[in-house]
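As structure tokens, the structure follows; a few thoughts come after it.
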Amino acid sequence: MSAVIVVATAFPVPERKAEVIAAFEAAIAQVHSEEPGCELYALHQGEDRLVMIEKYASQDAVAEHIKGKGLAALRAALEGKLSSPMDVQVLIPHPAGNARKGAL
């Protein structure tokens, strides 16, 4: 099976941004320790958004993440703190060029 990449973008309500970041940090710690099929779960910050870049070993690992405690706690912690629903894109890698640089 091929790896699965997920890019999830959240737009925090400005006055709740610190709380949203803290919620993501808690989820990251839990996912890193409890989900062996998760190969990458990393938060990135933009001016008005937070972006999670995620990599899973397989679609089965994504299914486990969706059912996991870390994501459930994150969903609950984010309630009422985002200006719009999260934008979640599930992607299949399309490696090209240099093998090390052409894919996550």
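Note on L91: it does not cluster hydrophobically with Y56, by side-chain heavy-atom contacts below 4.5 Å among ILVMFWY residues. Hydrophobic clustering of Ile, Leu, Val, Met, Phe, Trp and Tyr side chains at less than 4.5 Å, counting indirect connections, keeps L104 apart from V62. In the hydrophobic clustering of ILVMFWY residues, with side-chain heavy atoms under 4.5 Å counting as a link, L43 and V13 come out apart. Residues I53 and V20 do not share a hydrophobic cluster, defined by chaining ILVMFWY side chains whose heavy atoms lie under 4.5 Å apart. Both L50 and V90 are assigned to one and the same hydrophobic cluster, defined by single-linkage of ILVMFWY side chains at heavy-atom distances under 4.5 Å.
Across all non-hydrogen atoms, the minimal contact from G70 to Q30 is CA-OE1, 3.5 Å. Here the closest non-hydrogen pair linking L74 and A27 is CB-CB, 3.9 Å. Heavy atoms only, all atoms of each residue included: P12 and K17 are closest at CB-CA, 3.9 Å. What you find for A77 and A23 is that their closest heavy atoms are CB-CB, 3.6 Å.
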* Walk me through it: do R49 and V51 pass the test side chain to side chain contact (heavy atoms under 4.5 Å, CB included)? => CA-CA 6 Å; R49 70 198 67 208; V51 179; 4.0 Å; yes
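Note that NZ of K69 and CD of E35 are 11.0 Å apart. Values are rounded to the nearest 0.5 Å. One finds the CD1 atom of I5 at 9.5 Å from the CD atom of E54 (value rounded to the nearest 0.5 Å). Here F11 contributes atom CZ and L82 contributes atom CG; the two are 10.0 Å apart, rounded to the nearest 0.5 Å. In this structure, CZ on R75 lies 7.0 Å from CD1 on I66, to the nearest 0.5 angstrom. The OG atom of S2 sits 10.0 Å away from atom CD of Q59, with the distance rounded to the nearest 0.5 Å. Residue K81 holds its NZ atom at 5.0 Å from CZ of R16, rounded to the nearest 0.5 Å.
Looking at H44, its side chain does come within 3.5 Å of a backbone N or O of A42 through a donor-acceptor pair.
Considering only heavy atoms from C-beta on, K55 stays 4.5 Å or farther from V6 through its side chain.
Within a 6.0 Å sphere centred on CD of E79, other residues, nucleotides and ligands contribute 12 heavy atoms or fewer.
Looking only at atom types and distance, the side chain of Y41 has no donor-acceptor partner in the side chain of H32 under 3.5 Å away.
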